[in-house]
Amino acid sequence: MALKPEELLATIDYLNPPKTGWMETPNDFSPGRWPYPAKPDLHRAMGFKHAHEWKADEKDWHLPENWKQIISEGFKARLDKYRSFKVFMDVCVRCGACADKCHFYIGGGDPKNMPVLRAELMRSVYRADFTTAGKILGKLNGARVMEEDVLKEWFLYFYQCTECRRCSLFCPYGIDTAEITMMARELLHEVGLGINWIMEPVFNCNRTGNHLGIQPHAFKEIVEFMCDDIEEYTGVRINPPLNEPGHEVLFITPSGDAFADPGIYTFMGYLILFEAIGLDYTLSTYASEGGNFGLFTGADTMQKLNAKMYSEAKRLGAKWILGGECGHMWRVINQYMDTMNGYIQEGSNLTTPRNPITGTVFHNAKQTKMVHITEFTADLIKHGKLDLSPERNNHLRVTYHDSCNPARGMGLLEEPRYVIKNVCNNYFEMPPQTTREQTFCCGAGSGLNTEEIMEIRLRGGLPRGNALKYVQDKHDVNMMACICALDRATLIPVADFWAPGVQITGVHEMVANALNLKGQKKREVNLRGEELEEV
Amino acid sequence: MTLAQLIRDEKTTVVERWLDMVLATYPPQTAKMWKVNSDPFGNPVGQTTLRALGELTDHLLAWEDAAAICASLEPLVKIRAVQDFSPSKALSFVFFFKKVVRSLFAKAIARERLDAELAELDSRVENLALLAMDIYVKAREDLYRMRLDEFKRTHRMLFRKTGIMCETTDVLLTGAEPAGNGAVGTE
Ligand code: SF4
Ligand code: SF4
């Protein structure tokens, strides 16, 4: 039936927002508000027996009949397994310190994106099911039973959390909403609700070693393309070893660096660096993915995908592992790898990493045997081992985006800055409340870098884009560097939309553009093939 | 006394009332927070809105420089273009200005017979809305282009490997064979 104009206007009655309490506000499943569901065959292949066909905008999500029981038992099992989870469910005093610290809330204003309310989506169920007060007082105590709508709401809002942990920085109790999100997503996967942008990479990684499912021969060819380009631009031919046993170092980086623009230039940067210092290393096609979308699926999946790092190091006899520029990869390595898969190290050649060029021993990596490439390069620069011509980067006015995981997850704050300042002459910081530990997410971490939710990503990326715009206006910044493969992809639309004209680069792309190679020809173009001004 | 003068004298009140109405398009808790937090980096929506409305108030009175008007509109319209709004609701903020003026100055307008000036101001508001619409649509177009571009970037090396992407459209226009990369063909 046709609406009269006033009726249409009544539907956009902007002065009278819905007066329902947050728990009752209905969920909106319009397109663009949710990522596409996982393909059931991929989901099932990863061992989830309730994987099924469903669509978020249909009423019936075809949940398994006993879904409530699965959730309830899964919830309980996780409360028993992770003490932190139980504490996070219990101790929040609703002080509100975290409320306006989440980029999704800051950009969009939906109260359910306040970290405290996001966690409350789970806590309310926890109260009803697992606390005496909740059982007796029910809603009065903020408890609610697990109904289908509640589950749908979990899906909507736990896929609007990038697990960036900014909120936890401001919580007096250190409540980590990221871990709550991880639990919620695990439970959702158990009843067959996952998203394809996460599940397909997980499935591919499990089968062929990397997110895109590129097989070894194709991976080799792609690396050769990059070597062709390097030769064209520098005059030096590099032949990186692949799957070769007997080298000191195994190098692992996210596959985004191998396949995606502009990550490829960072990959070329690594190759040039290794060539310049004569590093004894190999790449691997089996461990051709540093990223681990298992982190966004469930602990078991994460463990399985991560295991190949040590397994491959062991098989190839490497002494230690060097890791490329990636975000969540380092969260997994730094916080979970040793606990999950440390046992694989037994009987391998792995030892505490030592920089063969400088002699520096990385005691911080004693446990994991894995060194972050910016630590490694910073050490090389500190010892004067690199012949650098930073003036080749003079056309760049650079700022640095602290990627959430390396910054908040492992405290890697100084090394990338030290490297950047040594390879380019114009460096500018964004405002302090948007960098280092307080850095703002790109808006698409934790597997949310899928294009169908671009609006969500852009509003989540607003705080970062807004700070970037500020340094663009103030200092003519034209390049934002980062050390995360996901960022290299997701910050491009963020910059394009909020600060058009700023480009995105990995740190090692700039390193290699400044780095001189023995026997190189006159460097007239950068790694993107763009002409350099005479310097 | 002209209407413009009244508005200029009471600019702080005008902007504040306008801001309140714009913030009322968000949930009440959010409106409250965005009103009080004055950190432009912690509260980009509230602060950008405040700044834009102040500038637009001046522009509506001066009504001179279209480029400057668009520059003031753009940050606010772009924000609202990616928030959870229908297009009409996203752009409704422009029309609130009419309501602000009437609610503050109705009596003075009647007393001083400022109807003609009010009508002119109204038509400026309407033109402002049209400018805002252009910016809004461009922002949405950008957004869709970004979705497509992202897909291409993600698969760049695969496209290169399979030779299904052209470096430039020249190839399509002239039908000429693309240069370089030997057997792998185009990029
Ligand atoms: S972890 Fe990050 S995305 Fe999730 S609620 Fe906290 S601030 Fe928001
Ligand atoms: S800051 Fe911590 S205690 Fe306070 S509301 Fe947020 S999660 Fe709860």
Side-chain angles (χ1 to χ4, degrees), chain A residues 8-9 11-12 14-19 22 25 28 30 33 99-101 105-111 114 212 214 218 221-222 225-226 228 256 258-262 264 430-431 433-434 440 449 451-452 454-459 462-463 465-467 469-470 489-490 492-493 496-498 500, chain B residues 21-31 33-34 37 39-48 75 78-79 81-90 92-93 95-96 99 139-140 142-162 180-182 184 187:
Chain A
L8 181 67
L9 285 176
T11 65
I12 53 162
Y14 34 76
L15 289 182
N16 299 297
K19 289 274 181 319
W22 70 270
T25 306
D28 175 4
S30 322
R33 300 195 86 246
D100 60 348
K101 303 302 187 290
Y105 180 68
I106 294 174
D110 181 344
M114 293 177 180
L212 284 185
I214 305 303
E221 247 177 90
I222 284 170
F225 283 153
M226 292 196 252
D228 293 345
F259 306 129
D261 186 349
I264 42 177
M430 286 181 280
Q433 63 271 52
T434 72
F440 276 115
N449 49 327
E451 49 89 18
E452 67 268 20
M454 190 59 94
E455 282 98 328
I456 295 182
R457 291 171 46 188
L458 286 175
R459 54 185 186 250
L462 169 62
N466 179 57
K469 179 87 175 67
Y470 174 78
T490 61
I492 290 177
D496 245 9
F497 196 80
W498 299 117
Chain B
M21 291 182 74
V22 178
L23 289 181
T25 57
Y26 300 98
Q29 310 90 306
T30 303
M33 282 211 204
W34 285 355
N37 183 349
D39 175 6
F41 303 106
N43 177 22
V45 181
Q47 288 302 307
T48 305
K78 274 166 89 170
I79 287 177
V82 293
Q83 288 176 328
D84 249 339
F85 291 130
S86 59
S88 55
K89 194 165 173 181
S92 58
F93 77 91
F95 298 102
F96 295 168
K99 198 161 173 177
R140 298 296 303 184
D142 281 348
L143 188 144
Y144 291 117
R145 177 185 50 76
M146 284 171 193
R147 290 174 60 171
L148 195 65
D149 286 351
E150 182 166 273
F151 181 81
K152 291 189 207 157
R153 275 195 307 273
T154 311
H155 298 90
R156 175 157 167 127
M157 287 313 255
L158 291 186
F159 290 152
R160 176 165 168 183
K161 188 176 133 33
T162 46
N181 275 332
V184 279
E187 190 170 318

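Letters A, B, ... are given to chains in the order of the sequence lines, protein chains preceding strands, and every chain is numbered from 1. Predicted model, so just to flag it, every value in this text is computed and none were measured.
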Option that, when pairs with chain A are counted at under 4.5 Å, heavy atom only, ranks first among B:Leu143, B:Asp142, B:Val82
B:Val82
Is A:Arg459 salt-bridged to B:Asp84, going by a charged N under 4.0 Å from an acidic O?
yes
Do A:Arg457 and B:Arg147 pass the side chain to side chain contact (heavy atoms under 4.5 Å, CB included) test, and can you show the C-alpha distance, the side-chain angles, and the key distance before you say yes or no?
CA-CA 11 Å; A:Arg457 291 171 46 188; B:Arg147 290 174 60 171; over 6 Å; no
What one should report as the nearest heavy-atom pair of A:Pro111 and B:Pro27 is CD-CG, 3.5 Å
Check whether any side-chain heavy atom of B:Phe151 lies under 4.5 Å from a side-chain heavy atom of A:Glu451, and answer yes or no.
no
Could you go step by step and tell me if B:Glu150 and A:Ile492 meet the side chain to side chain contact (heavy atoms under 4.5 Å, CB included) rule?
CA-CA 8 Å; B:Glu150 182 166 273; A:Ile492 290 177; over 6 Å; no
Under 4.5 Å to a heavy atom of chain A? For B:Ala31 that would be neither
If one checks every heavy atom of B:Gln83 against chain A at 4.5 Å, the contacting part turns out to be both
Measure A:Pro493 against the heavy atoms of chain B and call it side chain, backbone, both or neither at under 4.5 Å.
both
Approximate separation, where rounding is to 0.5 Å, of B:Thr30 OG1 and A:Met114 CE:
5.0 Å
Residue part contacting chain A, namely of B:Ile79, when any heavy atom lies under 4.5 Å
both
Return the CG to OG1 distance between A:Leu462 and B:Thr48, rounded to the nearest 0.5 Å.
6.5 Å
When you look at A:Asp496 and B:Arg145, which way does the side chain to side chain contact (heavy atoms under 4.5 Å, CB included) test go after all the steps?
CA-CA 11 Å; A:Asp496 245 9; B:Arg145 177 185 50 76; 3.9 Å; yes
For A:Asn466, side-chain hydrogen bond (donor to acceptor under 3.5 Å, both in side chains) partners two or more places apart
none
Turns out that what part of A:Ala258 lies under 4.5 Å from chain B's heavy atoms comes down to backbone
Bottom line for A:Tyr105: the part with an atom under 4.5 Å from chain B's heavy atoms is both
Side chain, backbone, both or neither: which part of A:Met430 has a non-hydrogen atom closer than 4.5 Å to chain B?
neither
Within this structure, what is the CZ-CD distance for the pair B:Phe85 and A:Glu455, rounded to the nearest 0.5 Å?
13.0 Å
Separation between CG of A:Asp110 and OH of B:Tyr26, rounded to the nearest 0.5 Å
12.0 Å
Check for a donor-acceptor pair, side chain of B:Lys78 on one end and backbone N or O of A:Trp498 on the other, with a separation under 3.5 Å.
no
Let me know if A:Ile264 has heavy atoms under 4.5 Å from chain B in its side chain, its backbone, both or neither.
side chain
Hits for ring pair (Phe, Tyr, Trp, His ring centres under 6.0 Å) against B:Phe41, two or more places apart or cross-chain, chain-then-number order -> A:Tyr470
Region of A:Ala489 in contact with chain B, defined by heavy-atom distances below 4.5 Å
backbone
By a 4.5 Å heavy-atom criterion (distance strictly below it), what part of B:Asn37 contacts chain A: side chain, backbone, both, or neither?
side chain
